Amino acid sequence: MSAPSQPAAPESATVALYRAALGPVNTAHYLDMFDRFDHAGRTSPVWNPAAGLLTLNWLLFRQLWGAALVYLACVQGAALLVLVVARRFLQWPPSVEWGVLLALLLLSIALPGAYGTALLHADTRRRMTRAVKAASTVREACATLEKQASTRRRLWVLVVLNLLLAGAAVAAYLVWRPVATSPAAVLNEVPESPAVPASNLALAAPGPASQAVADPPPPPSGPATPAAPAPAPEPPPVIVSPPVPPSPAAAEAAPPPEPMPAPISPPLPSPERATLVDRPSLPAPAPAKPASPPRPAPATAASAAPQAHGINVGLFADPANAEKAHARLVEAGFPAILQKVESASGERTRVRVGPFAGRAQAEEAAARIRAMGLDAVVFAP
């Protein structure tokens, strides 16, 4: 016959308070750890995967609000120190910067993972002490701790929030990611050169009147294209004088004329143009005398250009300082110039701004230059 089973030992008040304070999620694991701490009389580092890999979510689930704020501030401060301060003043090479970031990441995982259980033990003991002091019995204290404990509902809320944040990050990346343009698309965007009409390239040649000349096609609608080269001007029409009959004496004295080749018939003119054939020759017009160039009007005081004003910014012994001031003025949009000046102390570099049409414009520019931390003295030539 089998021995009768022994009844389970009643749970101590401390274990009951621990169970009520921890809640229903992973209670047995933490009870075992807390019992080990209580027997040893002190806490020790114990690896906690949830606290190490999901530190912020684990702290929020266990309601460790102060520790969560400290962790978030430390992570952001370390990232700001490396990515902003060290990058600007220390100017680390990329390999050193990535190494420091990796070390900080490992540290942010190792410390919470090793000491997270000890932190939860200390916070649970504090809540148990407050509940026992506020209640008259252990049962009332347990009921109070159960109301404050983390539940499965809180766990699912954190899971949903993490999924929403991940989805928002992916959507933001898809919306604002840089669009890469392929080389083929860039080549296709290059506008083609407009075709030159054939009528503009054809040479004007005489032909029969029945030959038709096609009109040039209308210009394509769209962006303005460069104008086609103008056709070469047509040669002036040839004026043929009527033959003059020779006198009888000249005909007897002159030898018999040699046979002339058959004349080449001139091309028939276009019906749209008037012909000048068979018209009597007209005397050539006398060449026009070149017009004498106009005499320049004498310069007067009223037509003289107004004097310009300028601004003296400084006289520098170090050319590098002068170039820095000149660069700042040019970036601000001022017409700055550099001048080499010989003085008793040696060669100096002068920085000036101008010229300006009037003194009011020069004074306004001088005020803007003074706001940049530079000297500005207006002068008139």
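Computation of the quantities below employed the complete heavy-atom set of this structure, encompassing side-chain atoms and omitting hydrogens, waters and symmetry-equivalent molecules. What you see is a predicted model, and the numbers here were worked out from it, not measured in a lab. Along the sequence shown, residues carry numbers from 1.
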K.L.:
For Ala50, enumerate each residue passing the side chain to side chain contact (heavy atoms under 4.5 Å, CB included) test, keeping only those at least two apart in sequence or located in another chain.
P.N.:
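Here the qualifying residues are Asn48, Trp58.
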K.L.:
Do Val138 and Val132 come close enough that some side-chain heavy atom pair is under 4.5 Å?
P.N.:
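When only atoms from C-beta onward are counted, Val132 and Val138 do not touch, as no gap falls below 4.5 Å.
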K.L.:
Should we count OH of Tyr71 as having more than 12 external heavy atoms under 6.0 Å?
P.N.:
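Yes - once you tally the heavy atoms of other residues, nucleotides and ligands closer than 6.0 Å, there are more than 12.
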K.L.:
Can you establish whether the number of heavy atoms outside Glu364 located under 6.0 Å from its atom CD is more than 12?
P.N.:
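Open.
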K.L.:
Can you tell me if Arg350 uses its side chain to pair, donor with acceptor, with the backbone of Gly314 under 3.5 Å?
P.N.:
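Side chain of Arg350 to backbone of Gly314, a donor-acceptor pair under 3.5 Å: no, none is there.
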K.L.:
Take a 6.0 Å sphere around CZ of Arg370 and say whether it holds more than 12 heavy atoms from other residues, nucleotides or ligands.
P.N.:
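Correct, the count exceeds 12.
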K.L.:
Quick check: do Arg125 and Leu17 have side-chain heavy atoms less than 4.5 Å from each other?
P.N.:
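Side-chain contact under 4.5 Å: no.
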K.L.:
Looking only at heavy atoms, which two atoms of Leu105 and Ser108 are closest? And how far apart?
P.N.:
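That closest heavy-atom pairing would be O-OG, 2.6 Å.
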K.L.:
Would Leu22 and Phe34 satisfy side-chain contact (heavy atoms from CB on, under 4.5 Å), going step by step from the backbone distance to the final call?
P.N.:
CA-CA 11 Å; Leu22 289 173; Phe34 290 176; 3.7 Å; yes
K.L.:
What pairs with Glu97 under salt bridge (Lys or Arg N to Asp or Glu O under 4.0 Å), at least two apart in sequence or on another chain?
P.N.:
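Salt bridge (Lys or Arg N to Asp or Glu O under 4.0 Å) list for Glu97, sorted by chain: Arg87.
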K.L.:
Can you tell me how far apart CG (Leu54) and CG (Leu158) are? Round to the nearest 0.5 Å.
P.N.:
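If we round to the nearest 0.5 Å, Leu54:CG and Leu158:CG are 10.5 Å apart.
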K.L.:
Just so I know, are the side chains of Tyr30 and Arg62 near enough to count as touching, which here means a heavy-atom distance under 4.5 Å?
P.N.:
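The answer is yes, as the side chains (C-beta and beyond) meet within the 4.5 Å cut-off.
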K.L.:
Is there a donor-acceptor contact under 3.5 Å from the side chain of Gln63 to the main chain of Gln148?
P.N.:
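Yes.
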K.L.:
Is the closest basic N to carboxylate O distance between Glu363 and Arg359 below 4.0 Å?
P.N.:
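Result for this pair is yes, salt bridge flagged.
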K.L.:
Between atom CG of Leu315 and atom CZ of Arg348, what is the distance when rounded to the nearest 0.5 Å?
P.N.:
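Nearest 0.5 Å value for the CG-CZ distance: 7.0 Å.
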K.L.:
Apply side-chain contact (heavy atoms from CB on, under 4.5 Å) to Leu329 and Leu374, showing your working.
P.N.:
CA-CA 10 Å; Leu329 292 170; Leu374 300 173; 4.0 Å; yes
K.L.:
Any side-chain heavy-atom pair from Leu101 and Leu83 closer than 4.5 angstrom?
P.N.:
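Contact flag for Leu101/Leu83 side chains = yes.
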K.L.:
Kindly give the heavy-atom pair with the smallest separation between Trp92 and Ala86, and that separation in Å.
P.N.:
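Smallest heavy-atom distance, with atoms named: CZ3-CB, 3.7 Å.
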K.L.:
Does Arg127 reach the side chain of Thr129, with side-chain heavy atoms less than 4.5 Å apart?
P.N.:
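The answer is no; the side chains never approach within 4.5 Å.
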K.L.:
Atom CD of Glu146 and atom CZ of Arg19: how far apart are they, to the nearest 0.5 Å?
P.N.:
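Rounded to the nearest 0.5 Å, the CD-CZ separation comes out at 10.5 Å.
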K.L.:
Would you kindly confirm whether Val96 and Leu104 end up in one hydrophobic cluster when ILVMFWY residues are joined by side chain heavy atoms under 4.5 Å apart?
P.N.:
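Linked, Val96 and Leu104 end up in one cluster.
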K.L.:
Side chains of Glu140 and Thr144: donor-acceptor distance under 3.5 Å anywhere?
P.N.:
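Side chains of Glu140 and Thr144: no pair found under 3.5 Å.
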K.L.:
Checking Val85 against Leu90 for the side-chain contact (heavy atoms from CB on, under 4.5 Å) test, could you report, in this order, the C-alpha distance in whole Å, the side-chain angles of both residues, the deciding distance, and whether it holds?
P.N.:
CA-CA 8 Å; Val85 179; Leu90 300 181; over 6 Å; no
K.L.:
Is there a path of hydrophobic side-chain contacts, each under 4.5 Å between heavy atoms of I, L, V, M, F, W or Y residues, that connects Leu338 with Ile369?
P.N.:
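Same hydrophobic cluster.
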K.L.:
Tell me whether Leu120 is reachable from Tyr115 by hopping between hydrophobic residues (I, L, V, M, F, W, Y) whose side-chain heavy atoms are closer than 4.5 Å.
P.N.:
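No; tracing contacts between hydrophobic side chains, which count when under 4.5 Å, never links both residues.
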K.L.:
Heavy atoms, side chains only, cut-off 4.5 Å: are Lys340 and Thr349 in contact?
P.N.:
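The answer is yes, as the side chains (C-beta and beyond) meet within the 4.5 Å cut-off.
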K.L.:
Report the distance from atom CG of Leu64 to atom CG of Asp123, rounding to the nearest 0.5 Å.
P.N.:
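Rounded to the nearest 0.5 Å, the CG-CG separation comes to 5.0 Å.
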K.L.:
Grouping I, L, V, M, F, W and Y whenever their side-chain heavy atoms are under 4.5 Å apart, do Ile109 and Val82 come out in a common cluster?
P.N.:
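As far as the 4.5 Å side-chain criterion goes, Val82 and Ile109 are not connected within one cluster.
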K.L.:
For residues Met128 and Leu145, report the shortest heavy-atom separation together with the two atoms involved.
P.N.:
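Distance-wise, the nearest heavy atoms are CG-CD1, 3.9 Å.
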K.L.:
For a 4.5 angstrom cut-off between non-hydrogen side-chain atoms, does Phe334 reach Arg328?
P.N.:
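Not touching, per the 4.5 Å side-chain cut-off.
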K.L.:
If you compare all heavy atoms of Ala149 against all heavy atoms of Ala21, which two are closest, and at what distance to 0.1 Å?
P.N.:
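Shortest heavy-atom separation between Ala149 and Ala21 comes out as CB-O, 3.5 Å.
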K.L.:
Tell me whether the centres of the aromatic rings in His309 and Phe356 are closer together than 6.0 Å.
P.N.:
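Ring centroids of His309 and Phe356 are no less than 6.0 Å from each other.
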K.L.:
So do Phe61 and Val25 actually touch side chain to side chain, heavy atoms under 4.5 Å?
P.N.:
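Result yes, sub-4.5 Å side-chain heavy-atom pair found.
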K.L.:
Quick check: are there more than 12 heavy atoms from other residues, nucleotides or ligands sitting under 6.0 Å from CH2 of Trp98?
P.N.:
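Check fails, neighbour count at 12 or below.
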K.L.:
About how many Å separate CG of Leu69 and SG of Cys74, when rounded to the nearest 0.5 Å?
P.N.:
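Here the interatomic distance stands at 11.0 Å.
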K.L.:
Classify the ring geometry of His121 against Phe37: parallel below 30°, tilted from 30° to 60°, perpendicular beyond 60°.
P.N.:
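His121 and Phe37: perpendicular rings.
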K.L.:
Under the criterion side-chain contact (heavy atoms from CB on, under 4.5 Å), I'd like the reasoning laid out for Asp32 against Arg36: C-alpha separation, chi angles, the key distance, then a yes or no.
P.N.:
CA-CA 6 Å; Asp32 187 22; Arg36 186 185 307 176; 4.2 Å; yes
K.L.:
Could you give the distance from OG1 (Thr124) to CG (Leu31), rounded to the nearest 0.5 Å?
P.N.:
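Spacing of OG1 (Thr124) from CG (Leu31) equals 10.0 Å.
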K.L.:
Is it true that, when you exclude Asn162 itself, more than 12 heavy atoms of the residues, nucleotides or ligands shown sit nearer than 6.0 Å to its CG?
P.N.:
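For Asn162, atom CG is crowded (more than 12 foreign heavy atoms under 6.0 Å).
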K.L.:
Over all heavy atoms of both residues, which pair between Ala131 and Ala141 is shortest? Give the atoms and the distance, please.
P.N.:
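Scanning both residues, the minimum pair turns out to be O-CB, 3.8 Å.
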K.L.:
Any link between Leu107 and Leu102 through a network of hydrophobic side chains (Ile, Leu, Val, Met, Phe, Trp, Tyr) touching at under 4.5 Å?
P.N.:
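No: no chain of side-chain contacts under 4.5 Å links Leu107 to Leu102.
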K.L.:
Which heavy atom of Ala110 sits nearest to which heavy atom of Trp47, and what is that distance?
P.N.:
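Smallest interatomic distance, heavy atoms only, reads O-CZ3, 4.3 Å.
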